[in-house]
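Read the structure below first, then the notes.
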2 protein chains.
Amino acid sequence: MTIKDIARLAGVSVATVSRVLNNKDKGVGDGTRARILRIIEETGYQPSPMARNLVLRKSRIIGLVVEDLQNPYYGMLMKGVQDGAREKGYNIILCNAGNSDERENHNLDFLTEQNVCGIIYNSFNKEKDFVLERIVKNKIPMVFVDGRGNMKGGNGIHVDNARAMEELVDRLVMAGHRTIGCLTGERHINSSEQRLAGYAQALEKNGIPLDPRLVVETKYLIAAGRLGMERLLERNIRGLTAVVCCNDLIAIGALECLQDKGIQVPEEISVTGFDDIDMCRHVRPRLTTVSQPNYDIGRVSVEMLIRLVEQEDRGRVDEVVFLPKVVVRESARGL
Amino acid sequence: MTIKDIARLAGVSVATVSRVLNNKDKGVGDGTRARILRIIEETGYQPSPMARNLVLRKSRIIGLVVEDLQNPYYGMLMKGVQDGAREKGYNIILCNAGNSDERENHNLDFLTEQNVCGIIYNSFNKEKDFVLERIVKNKIPMVFVDGRGNMKGGNGIHVDNARAMEELVDRLVMAGHRTIGCLTGERHINSSEQRLAGYAQALEKNGIPLDPRLVVETKYLIAAGRLGMERLLERNIRGLTAVVCCNDLIAIGALECLQDKGIQVPEEISVTGFDDIDMCRHVRPRLTTVSQPNYDIGRVSVEMLIRLVEQEDRGRVDEVVFLPKVVVRESARGL
DNA sequence: CTGAAAGCGCTTACAG
DNA sequence: CTGAAAGCGCTTACAG
């Protein structure tokens with residue numbers, strides 16, 4: 001069943017069918033239009049996206065690159081992106097950024113080969129500027145999710161990581177904590193860097209000097225968080241009563257480490273996370289953390305991208321900033 | 001950069017370029033081939049998948065339908081499917097089956113409209129036979145993952161849920177448990193039904209009559225597991241020392257319920273899950289469960305599907321059965 | 001071994 | 001308002 005069949009059935013030319021299909025060019029007689037519509041309905045005809053895309057010289061496929069499919073944080077984001085995309089008739093190709101440049105290059109090859117019409121990039125990692133360059137060179141519209149603040153040339157959704165972390169630490173200080181550790185992700189991960197910056201700002205604001213021994217760099221993984229906490233503990237810092245973690249996975253690892261050592265949370269040490277993944281509600285003590293509207297972030301980013309793709313006004317730079325909010329549960333004392 | 005440009009640059013016809021691109025029809029002079037290859041290399045030319053698919057009348061897009069994107073169980077599965085697909089140059093369109101028929105129909109519309117070359121279906125739900133019918137009618141090759149045993153006409157990967165659950169319950173009985181509850185998922189979910197069957201078989205095998213009050217139907221969700229456990233407890237069944245759950249989410253809910261009521265796990269009641277999601281290792285006590293090779297399941301299913309798609313021998317029915325294995329952790333006494 | 005030509009299913013100026 | 005025709009970038013008989 002092709003457009004030709006419909007044309008034949010309706011006794012018109014394919015051009016006319018195409019016109020009603022595209023609903024533009026109002027110039028189609030009401031009678032003709034109705035007849036064609038009825039036939040399309042009856043036959044269940046669906047135009048071939050391949051042919052259409054070929055002539056339009058663009059696909060309706062969006063590339064979505066995330067740092068780690070396994071990170072539960074991405075569930076909602078993906079769902080938001082998908083729902084938004086589907087509503088407008090777009091598809092998603094999902095890519096795992098992983099940690100290697102090779103994989104990253106492979107992803108980009110794949111995406112351009114598939115002729116994606118745009119890319120949503122959520123793996124911002126300062127070491128990966130070559131990615132940015134490649135995409136920009138290819139002139140593929142893109143939106144960065146949670147990239148760094150000054151993504152010149154790219155539109156973006158940002159989460160004000162620094163401010164949220166600052167608020168969290170501020171509240172900790174209000175609650176009487178003075179010696180607060182910080183377990184970060186890898187240095188090249190933007191979100192981690194920003195959260196660390198927020199931590200530093202809060203201390204400064206409260207006139208507490210930042211002791212570098214308080215911060216230890218780990219990775220966004222439970223096992224790494226565990227190790228990080230161990231290392232922090234080994235430093236034997238006097239008066240340590242709280243540690244903020246740059247994501248939930250790290251915090252959960254920290255929790256486990258503390259528990260293994262018989263250190264009470266939050267009585268002896270308070271622990272906080274960031275992201276509010278599902279697990280936060282199910283570990284004990286329940287994790288106090290910072291939540292971001294991930295579903296919305298996903299949705300807004302596709303919408304932004306589609307607007308970009310369809311309007312072709314690629315010059316404009318949009319920016320939407322979300323402010324995450326602190327979710328108080330049980331793992332931090334005094335909040 | 002199109003095939004025409006390459007042809008011009010190489011001083012040959014597009015037909016020849018196409019031949020070397022497709023690497024078939026050995027009939028291309030060695031010199032010519034080398035020259036063309038070099039030019040392709042130099043220019044970084046990539047053939048348009050749209051054009052190619054149009055003439056070949058098939059896409060290289062695979063539809064992957066899963067029951068619930070949010071269920072952490074799917075992470076690895078998806079990864080396996082993706083890796084397998086990408087290796088062969090296929091794309092994935094991911095769909096959430098959700099619970100409504102409407103959504104399901106919408107998914108199918110979307111997938112056929114996108115002209116997927118095949119479907120991997122992992123949402124088997126007996127109430128959804130209409131889905132099966134639609135797909136079969138459209139003659140789209142598909143493989144069922146963990147569907148029911150007798151998926152006539154469809155190839156499939158099966159997990160021997162019944163046998164694994166039987167083994168688990170068997171071991172529980174060996175360990176001295178005689179009164180074992182069972183928290184199932186919804187009745188129309190195949191995996192749940194099969195796991196329940198395994199439970200029943202183990203009891204029978206051990207000569208323990210099945211008390212229907214011991215089984216309560218819940219859903220594959222933490223909150224539902226909690227409620228289910230509550231209901232089971234309300235029945236005040238004497239001598240209840242263990243409860244097996246048809247998935248990990250339910251088990252985690254059960255754990256929480258028990259904990260709320262101050263009932264010790266596993267000292268007073270043993271609890272087991274199924275699936276071995278990440279969280280199992282991070283709840284306390286760590287959850288004893290049954291693990292499936294999800295990554296492999298994903299990989300094998302794409303490979304199966306691609307073979308099906310490419311060989312066009314759609315008559316043949318393949319079947320691969322995986323046997324999940326029990327993972328002993330802390331939540332069950334005596335294993 | 002290689003090329004000219006038709007065709008995949010659509011869209012869109014260009015005429016009328 | 002409607003149609004004939006060219007063209008999107010490829011593949012594949014059919015000739016030679």
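Because only heavy atoms are used, hydrogens play no part in the values below, and waters and symmetry mates are left out as well, while side chains stay in. All values derive from a computational prediction rather than experimental measurement.
Rounded to an integer number of Å, the gap from CZ of Arg52(B) to P of dG9(C) is 18 Å. Rounded to whole Å, atom C1' of dG9(D) lies 14 Å from atom CD1 of Ile40(B). Arg35(B) places its CZ atom 15 Å from the P atom of dC1(C), with the value rounded to the nearest Å. Atoms CE (Met50(B)) and P (dG9(C)) sit 17 Å apart, rounded to a whole Å. Atom pair Leu56(A):CG and dG7(D):P shows a separation of 17 Å (rounding to whole Å applied). Atom P of nucleotide dG3(D) and atom NZ of Lys4(A) are separated by 15 Å, given to the nearest angstrom. In this structure, the CG atom of Asn53(A) is 15 Å from the P atom of dG9(C), given to the nearest Å. Protein atom CG of Asn22(B) is 17 Å distant from nucleotide atom C1' of dC1(C), rounded to whole Å.
Residue-level contact check: Ser18(A) touches the bases, meaning some heavy atom is under 4.0 Å from a base atom.
Counting only heavy atoms from C-beta outward, the side chains of Asp275(B) and Asn294(B) never approach each other to under 4.5 Å. Side-chain atoms of Ile297(A) and Phe322(A), non-hydrogen and from C-beta on, do get closer than 4.5 Å to each other.
Comparing Leu54(B) and Val12(B) along DNA chain C, the residue whose closest nucleotide (by nearest heavy atom) sits nearer the 5' end is Val12(B). When each of Ser13(B) and Ile3(A) is assigned the nucleotide of DNA chain C bearing its nearest heavy atom, the one mapping closer to the 5' terminus is Ser13(B).
We find the CG-OG1 distance between Leu37(A) and Thr32(A) to be 11.0 Å, quoted to the nearest 0.5 Å. For the atom pair Tyr45(A) OH and Leu9(A) CG, the distance stands at 12.5 Å (nearest 0.5 Å).
The phosphate of dC10(D) (OP1 or OP2) has no side-chain N or O of Ser48(B) nearer than 4.0 angstrom. For Tyr45(A), no side-chain nitrogen or oxygen approaches OP1 or OP2 of dG9(C) to under 4.0 Å.
Here the shortest heavy-atom pairing between Tyr121(A) and Met142(A) reads CB-CE, 3.3 Å. Contact record, Met78(B) with Leu64(B): CG-CD2, 4.1 Å, taken as the closest heavy-atom pair.
Listed by first and then second residue, the salt bridge (Lys or Arg N to Asp or Glu O under 4.0 Å) pairs that reach into residues 34-45 of chain B are Arg38(B)-Glu42(B), sequence neighbours excluded.
Side-chain contact annotation: Ser191(B) with Tyr220(B), donor-acceptor N/O pair under 3.5 Å present. For the residue pair Tyr90(B)/Arg86(B), the side-chain donor-acceptor check at 3.5 Å is not satisfied.
Minimum atom distance to the side chain of Ala15(A) is reached by dG3(D), of the listed dC10(C), dG3(D), dG3(C). Nearest to the side chain of Thr32(B), among dC1(C), dT2(D), dG9(C), sits dC1(C). Listed nucleotides dG9(C), dT11(C), dT11(D) differ in distance to Leu21(B); the shortest reach to its side chain belongs to dT11(D).
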Please list each protein N or O that sits under 3.5 Å from an N or O in nucleotides 14-16 of chain D, with the distance.
none

If you write DNA chain C from 5' to 3' in dot-bracket form, with Watson-Crick or G-U pairs under 3.5 Å, [ ] for crossing pairs and | for pairs with another strand, what do you get?
-> |||.||||||||.|||
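Using a 4.0 Å cut-off between charged side-chain N and carboxylate O, Arg33(B) and Asp30(B) make no salt bridge.
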